[in-house]
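Let me begin by presenting the structure, written as structure tokens, before commenting on it.
Quick note on labels: first sequence line is chain A, next is B, and so on, each numbered from 1.
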Number of protein chains: 2
Amino acid sequence: MLKKERHDFIMRQINLHNRVLTSDLVQLLNVSEDTIRRDLQELVDENLLYKVHGGALSKSYHSSFDDSTVYARDSKIAIGKKAVQLIKDGMVVLTGGGTTILEFVKRLPQGLSATFFTISPLVAVELAKYNNIEVILIGGLFSKNSQVTYGGQVITQLSEIKADLCLMGTSAIHPDEGLTDTYWEINQLKKAMLACAKKTAVLCISEKLDIALRLRVCPIESISYLITELDLDHESLSRYREKELNIL
Amino acid sequence: MLKKERHDFIMRQINLHNRVLTSDLVQLLNVSEDTIRRDLQELVDENLLYKVHGGALSKSYHSSFDDSTVYARDSKIAIGKKAVQLIKDGMVVLTGGGTTILEFVKRLPQGLSATFFTISPLVAVELAKYNNIEVILIGGLFSKNSQVTYGGQVITQLSEIKADLCLMGTSAIHPDEGLTDTYWEINQLKKAMLACAKKTAVLCISEKLDIALRLRVCPIESISYLITELDLDHESLSRYREKELNIL
DNA sequence: CGTTTTTATGCGTGTTTGTGCGATAAAGTT
DNA sequence: AACTTTATCGCACAAACACGCATAAAAACG
């Protein structure tokens, strides 16, 4: 087996499972540990994966998990403020969950009169502080990880809703691959959310740009607004500016 | 499992639940206590969490609900502890909202394996901290006052549920008038909840005893358990002891 | 073609890292 | 005060690693 073939094999494993163990690769590829180590080192040099004691991890896996550190709070507040501009009186809005959405909700103008559907209990509680906002919480199985409701019941209920705007957080966004996710249920959920809103705004801190995960939610064309904490002319956004997408 | 993966897992737990117990992590990750402790120590060194006796806390710890300002909290805790005795493995439980129920949920045993339906987002979030509890949040219009979902949709969904036990807070209870309430919607809601559970437990701080409000939810006979913070032989309860009612 | 250079791989050896165990100490609980 | 749970420390051991060296195949060159 050629070295290049091995590298490809390793990358496939990584993309599939988000991780590989050195020892597994030794067995699967039938080469010495040293060879695998050298392979991994070379892939690290090419910036394709992340090496740890015992094996290697996918780059996207890595960045998709330390995102929930609420340390990017400033960024999320900035995003929230921008997102508020999209909301007008009388609108029907559908939101997902997550800390970014929560920061957005906290920054809505007090007098706003609108209808909000949400799958996030915490968002619902926050929205309840506004007197003129009607809040409908979409019920179903409750996900311990992402703190939103999910599952068939949620999707059924979503199918009955017609919203003007859908606001969702992101696991990953990529100019070619579009919106992607790691978990099947969340993937299905996001698809359903997209389907019931006229327009969709994606709230996305910059570190989640240019990442593609296993499951595709939608192509980039299905998104109306991309909201990041970056300046409009920041170079990280250039690939997105080329698309038909409003960037805030 | 790789160390880095464990660290990510721990951080996810922390960001989700604001806290982790060392003993839980030992079980979940199937490694020795020492390993978990070292993991936590390393995460502390990276400034990612606070370590405390028994586990660790999120750096940005903030409970969605400020415990200390809860009215008559001690009584509610006492009630919560008593209510926990009613819960057994495998049960299907339906709960309402309110601070008393919340104190109850916080005192459930860690390993409990059960299914909980609830109309309260805050209760759902709290329940999500238990790994073996399946949480179903019943969705609908969200009430700004009582912080629970209500309305036709909720009642429809309730009608499809069959629960072993329903736990609800009280506005008022009276030995002759039974359970009563002031608001039509809440009244309807409680009737629907009662209807779908085999047994019902009413959590009630003593000051709400012997009060009757405008709208009747049910006669006292429809209730299986009355849980107050008082001793079993307290004289305020004598009128209730005469009824067919288990008093805790 | 033969010789040299480069590249890829494996082996041996010593080092580092990760983990669990036991004893002891400290912190909570009743 | 007695008891239980959690922490800490030193140690042991295995797995993973880095480095130098040897070897052989592949590529380059005259």
| said: Please report the distance, rounded to the nearest Å, between CZ in B:Arg37 and P in C:dA27. | reply: 14 Å
| Gap between atoms NZ and C1', on A:Lys3 and D:dA26 respectively (whole Å) | 13 Å
| query | Once you round it to whole Å, what is the distance between P of C:dT17 and NZ of B:Lys4? | reply | 17 Å
| query | Would you say B:Thr22 reaches D:dA7's phosphate, i.e. side-chain N/O to OP1/OP2 under 4.0 Å? | reply | yes
| message | Using only modelled atom types and a 3.5 angstrom limit, is any donor from either the side chain of A:Asp34 or the base of D:dC17 paired with an acceptor on the other? | response | no
| said: At 4.0 Å (heavy atoms only), tell me whether B:Val26 reaches a base, stays on the sugar-phosphate, or touches nothing. | reply: nothing
| note | salt bridge (Lys or Arg N to Asp or Glu O under 4.0 Å) filter on B:Lys51, not counting sequence neighbours, yields none
| field | Quiz item: B:Arg38 side-chain donor-acceptor pair to C:dG20 base, under 3.5 Å | value | yes
| said: Can you measure B:His7 atom NE2 to C:dT17 atom C1' for me and round it to whole angstrom units? | reply: 12 Å
| query | Short question: side chain of B:Ser113, backbone of B:Asp89 - any donor-acceptor pair under 3.5 Å? | reply | no
| request: Using whole Å, report how far CD of A:Glu33 lies from C1' of D:dC17. | output: 9 Å
| query | With respect to the phosphate group of C:dT9, does any side-chain polar atom (N or O) of A:Arg6 fall under 4.0 Å of OP1 or OP2? | reply | yes
| Basic-acidic side-chain contact under 4.0 Å: A:Glu42, A:Lys3 | yes
| task | Determine, for B:Lys190 against B:Asp181, whether the closest basic-nitrogen to carboxylate-oxygen distance falls under 4.0 angstrom. | result | yes
| request: Would you mind reading off the bend of the helix from C:dC1-D:dG30 to C:dT30-D:dA1 from its two end axes, five pairs each, to 10 degrees? | output: 30°
| task | State which residues pass side chain to side chain donor-acceptor pair (under 3.5 Å) with A:Lys129; sequence neighbours excluded, sorted by chain then number. | result | A:Glu126
| query | Whole-Å distance between C:dA8 C1' and A:Asp39 CG? | reply | 10 Å
| request: Before giving the answer on salt bridge (charged side-chain N to carboxylate O under 4.0 Å, His left out), spell out for B:Asp176 and B:Arg239 the whole-Å C-alpha distance, their side-chain angles and the decisive distance to 0.1 Å. | output: CA-CA 9 Å; B:Asp176 302 322; B:Arg239 303 257 341 252; 3.1 Å; yes
| request: Could you pull out all residues at least two apart from B:Glu134 that satisfy salt bridge (Lys or Arg N to Asp or Glu O under 4.0 Å)? | output: none
| query | Please give, in whole Å, the distance from D:dT6 C1' to B:Leu25 CG? | reply | 14 Å
| said: Using a strict threshold of under 4.0 Å (side-chain N to carboxylate O), is an ion pair present between A:Lys4 and A:Asp8? | reply: yes
| message | According to salt bridge (Lys or Arg N to Asp or Glu O under 4.0 Å), who are the partners of A:Arg38, at least two apart in sequence or on a separate chain? | response | none
| field | Distance test, side-chain N/O of A:Thr35 to OP1/OP2 of C:dT9, below 4.0 Å | value | no
| message | Which residues in residues 40-49 of chain A have a heavy atom closer than 4.0 Å to any atom of DNA chain D? | response | none
| said: Rounded to whole Å, how long is the line connecting atom NZ of B:Lys51 with atom C1' of D:dA7? | reply: 7 Å
